[in-house]
Engineer: 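Shown below is the structure under consideration.
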Protein chains: 2
Amino acid sequence: MRKTVGRITIKDVAEAAGVSVGTASRVINNKATVRPEIRSAVLSAIDRLDYQPNAVAQSMRRRSTQLVGCIIREINIPALAAFVRAAHDELDQAGYSLVISNSEGRRAREEELIHRFGRLQSDGMLLGPYTPVDPAYEKLLRGFGAPIVLFDRNEPEWADAVAADHAGSIDRATSRLLDLGHRRIAILTGNPLLFPAAERIRGYRRAFQRAGLAVDESLVRGTGFLAAEGFRNASSLLASAAPPTALISGGIDMLPGVLRAIRVRGLSIPDDISVVGSGDSELAELHTPPISVERWDMAETGRTAALLLLRRIGGERDTPPEHVLLPAEFVERASLAPPRQS
Amino acid sequence: MRKTVGRITIKDVAEAAGVSVGTASRVINNKATVRPEIRSAVLSAIDRLDYQPNAVAQSMRRRSTQLVGCIIREINIPALAAFVRAAHDELDQAGYSLVISNSEGRRAREEELIHRFGRLQSDGMLLGPYTPVDPAYEKLLRGFGAPIVLFDRNEPEWADAVAADHAGSIDRATSRLLDLGHRRIAILTGNPLLFPAAERIRGYRRAFQRAGLAVDESLVRGTGFLAAEGFRNASSLLASAAPPTALISGGIDMLPGVLRAIRVRGLSIPDDISVVGSGDSELAELHTPPISVERWDMAETGRTAALLLLRRIGGERDTPPEHVLLPAEFVERASLAPPRQS
DNA sequence: GACGAATGATGAAACGTTACATTGACCCGG
DNA sequence: CCGGGTCAATGTAACGTTTCATCATTCGTC
């Protein structure tokens with residue numbers, strides 16, 4: 001006798017099987033001992049009524065939602081989509097669902113989303129804050145009642161984190177440019193208070209230092225990861241009295257802006273200017289000429305982040321925070337050439 | 001006096017403000033009438049205790065989770081990411097969170113995810129089934145307790161749907177190829193039981209019919225949308241005795257496979273073969289030569305889907321299902337040329 | 001055949017909210 | 001001065017589970 005109104009609850013199942021709700025619950029979670037004949041009676045009732053446990057009620061009681069929040073800047077960036085995809089697979093396999101949200105890189109939205117995922121009682125969170133973590137932010141994160149894993153960030157340092165070795169790859173890229181004879185090498189990246197920007201600049205300086213050369217500070221621009229910033233900075237540099245002969249685009253989706261600035265100015269790659277991008281992409285690979293990039297495995301990043309998170313969720317609460325640094329390589333393509341003799 | 005164990009509940013707030021939980025609740029949901037001085041007492045307690053409502057408990061009681069499920073084949077496909085992004089924004093603005101999951105185009109996973117989102121009590125679902133909707137599937141969907149919006153699908157027909165006019169754009173593409181003198185035009189797409197495959201083939205046939213020409217059925221391949229299928233079909237066609245002089249890649253992420261098959265065979269575009277893709281992408285735009293495509297607005301698709309869903313969630317349950325057909329255009333690029341004289 | 005130990009099933013109390021029926025206080029008109 | 005009508009706040013019953021203490025039955029042992 002199917003109930004006509006409302007969904008089927010465990011109570012209906014118990015009634016149909018002629019047992020108590022408690023027993024029905026024990027069957028459903030196949031717990032402890034329950035007589036085989038009763039078990040099958042309950043299972044048949046479940047089948048007959050097409051019963052599905054109400055996850056909300058379960059979450060309420062078990063105090064675990066099997067939900068993981070993920071705050072990224074923009075799902076539309078292929079590299080981030082790859083990250084999400086890999087993390088999703090790992091979490092999904094462990095029975096967790098992924099709630100994603102785009103922060104658009106805005107502090108206010110990040111805060112709102114963190115609050116939202118807190119209210120949601122999500123069991124964990126993957127977070128790539130776009131704002132430097134000041135004390136207020138740190139407090140907000142500390143108040144989040146579940147484990148947090150950061151990606152491509154290293155603050156707050158008490159959270160687990162997965163990041164790529166930007167310093168290493170940009171060091172290699174810069175060295176290669178120096179070897180080719182470049183001296184005026186510009187690096188465009190985000191706020192140096194954020195890990196990937198700081199690291200890229202660190203690698204850049206390290207290469208100069210090793211070569212015994214001084215860095216021209218006017219060529220180091222840490223104002224923003226976005227394509228628009230890339231365009232702005234590249235444009236102004238290229239228009240200057242002593243324009244750079246090589247340009248490192250240090251943002252995961254900055255390259256389109258930089259390329260546009262170069263095109264607008266009528267320059268050609270690599271004859272007029274050498275270019276290095278950050279993060280491999282169809283754009284970099286298929287561009288004419290193909291653009292050299294620092295590359296790391298985004299899927300591996302996502303997997304690792306998910307695994308770290310699952311470990312914490314699984315109860316490992318008081319081992320020290322783990323900061324995984326994944327290798328990044330420098331992939332040379334046709335976008336590099338010696339500087340033009342002038 | 002901050003509780004040291006467990007989260008702060010509305011009970012703590014009520015206690016701290018010296019009112020009943022009912023009153024506290026009324027303040028929180030600023031409902032009905034509540035004396036200003038009491039309201040501010042409660043608000044100050046909330047502030048002091050840093051209280052956040054438990055969304056799980058709210059969902060339980062209100063019977064609404066503010067969660068929307070989204071099942072797509074693969075978030076990693078830029079076009080789908082754009083869809084998700086746009087839908088996300090619309091839903092987010094209305095206070096809903098988006099739970100996404102990748103079906104990998106596998107029926108079993110689709111079913112499992114639909115069940116999961118049902119158990120989750122999600123308030124709605126965005127769904128692009130990759131499997132033709134047979135009676136069993138239709139029953140599954142009918143049993144899902146919340147509104148469903150399909151994208152690029154038209155079945156089951158009782159669900160709202162948003163799709164692109166593939167028939168129109170592929171008709172134009174085919175016509176253009178016929179005008180250029182092509183007669184052996186192959187079309188590679190998915191299962192013709194699925195809307196976008198059926199529509200593309202329909203447009204293709206329509207163009208031939210208008211031109212008074214017969215379709216060579218051996219050139220119509222409706223075996224799968226994936227890049228691997230594209231590679232397989234393109235390879236076998238190109239290796240045949242009478243290979244096509246033009247090729248329509250009728251799947252949103254099939255193009256890489258098709259291009260690879262052409263490259264492997266050592267053919268050049270457009271001299272040896274003309275190519276049309278489905279859905280614009282960086283690959284199509286930046287390829288040498290750029291690939292012509294049928295193009296539609298993925299963001300608009302996502303927005304529309306979200307809006308349709310929100311309307312249903314908002315209570316409009318018994319207006320007839322809405323099937324929105326968004327325009328698709330044919331974008332001609334350098335991948336087209338007259339067939340080589342043989 | 002009685003007793004304790006297992007084994008299985010039950011009932012009710014949570015979980016944190018919201019909604020609804022109730023109560024209490026106060027005012028106003030007759 | 002009483003009755004009815006507002007307005008505000010309270011107390012409590014849900015929502016659908018799980019869990020835990022409790023109770024009932026069975027079984028083996030002496």
Side-chain angles (χ1 to χ4, degrees), chain A residues 3 5-43 45-46 49-67 116 118-123 145-146, chain B residues 3 5-43 45-46 49-67 116 118-123 145-146:
Chain A
K3 279 213 328 190
V5 60
R7 283 177 108 89
I8 312 288
T9 77
I10 198 176
K11 215 168 140 189
D12 301 315
V13 170
E15 228 160 81
V19 299
S20 74
V21 279
T23 304
S25 170
R26 278 189 311 145
V27 170
I28 289 162
N29 303 286
N30 54 344
K31 269 261 203 58
T33 43
V34 47
R35 229 165 56 217
E37 73 188 72
I38 293 218
R39 160 178 307 272
S40 67
V42 172
L43 289 177
I46 287 177
L49 298 179
D50 206 20
Y51 166 75
Q52 297 230 101
N54 181 323
V56 173
Q58 291 182 316
S59 300
M60 171 101 183
R61 182 63 236 225
R62 298 192 186 147
R63 340 195 91 237
S64 146
T65 53
Q66 303 286 101
L67 251 34
R116 184 188 294 190
R119 282 198 307 270
L120 250 182
Q121 312 291 113
S122 48
D123 290 347
Chain B
K3 278 213 324 188
V5 59
R7 281 177 110 90
I8 313 286
T9 77
I10 198 175
K11 216 167 139 189
D12 301 315
V13 171
E15 227 159 83
V19 299
S20 73
V21 279
T23 304
S25 171
R26 280 187 310 143
V27 169
I28 289 162
N29 303 285
N30 53 345
K31 271 256 203 62
T33 43
V34 46
R35 225 164 60 216
E37 73 189 71
I38 293 220
R39 158 177 310 272
S40 66
V42 172
L43 289 177
I46 288 177
L49 298 180
D50 206 19
Y51 165 76
Q52 295 230 105
N54 180 323
V56 173
Q58 290 181 318
S59 299
M60 171 103 181
R61 182 65 240 225
R62 301 209 253 241
R63 341 194 90 236
S64 146
T65 53
Q66 304 288 100
L67 248 36
R116 183 188 295 189
R119 283 199 306 272
L120 250 182
Q121 314 291 110
S122 50
D123 290 348

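The chains referred to below are lettered A, B, ... by the order of the sequence lines, with proteins before strands, and numbering in each begins at 1.
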Engineer: Check the distance between D/dA8's P and B/E37's CD and give it to me in whole angstrom.
Structural biologist: 11 Å
Engineer: In whole angstrom, what separates B/I38's CD1 from C/dA25's C1'?
Structural biologist: 13 Å
Engineer: Treating primed atoms plus P, OP1 and OP2 as sugar-phosphate and everything else as base, which nucleotides of nucleotides 14-20 of chain C get B, S or - for protein heavy atoms under 4.0 Å?
Structural biologist: BBBBBB-
Engineer: Starting from C1' on D/dT17, measure out to CD on B/Q121 and report it in whole angstrom.
Structural biologist: 11 Å
Engineer: Between A/T23 and C/dT10, does any side-chain N or O lie under 4.0 Å from OP1 or OP2?
Structural biologist: yes
Engineer: Just checking A/V19: base, sugar-phosphate only, or nothing, at a heavy-atom cut-off of under 4.0 Å?
Structural biologist: sugar-phosphate
Engineer: When you look at A/T9 and A/V21, which way does the side chain to side chain contact (heavy atoms under 4.5 Å, CB included) test go after all the steps?
Structural biologist: CA-CA 10 Å; A/T9 77; A/V21 279; over 6 Å; no
Engineer: Check B/R7 against B/D12 and note the closest heavy-atom contact, atom names and distance.
Structural biologist: O-OD2, 3.9 Å
Engineer: Grab the CZ-C1' distance between B/R35 and C/dG24 for me, whole Å please.
Structural biologist: 12 Å
Engineer: Work out which heavy atom in A/S122 is nearest to a heavy atom in A/A146; give both atom names and the distance.
Structural biologist: O-CB, 3.4 Å
Engineer: Rounded to whole angstrom units, what separation is found between the CG atom of B/L120 and the C1' atom of D/dT17?
Structural biologist: 15 Å
Engineer: Among B/V34, B/I10, B/V19, exactly one meets side chain to side chain contact (heavy atoms under 4.5 Å, CB included) together with B/V27. Which residue is that?
Structural biologist: B/V34
Engineer: Hey, are the side chains of A/Q66 and A/D123 touching, using non-hydrogen atoms and a 4.5 Å cut-off?
Structural biologist: yes
Engineer: After noting the C-alpha distance and the side-chain angles of A/I46 and A/I28, does the key distance pass the side chain to side chain contact (heavy atoms under 4.5 Å, CB included) rule?
Structural biologist: CA-CA 9 Å; A/I46 287 177; A/I28 289 162; 3.8 Å; yes
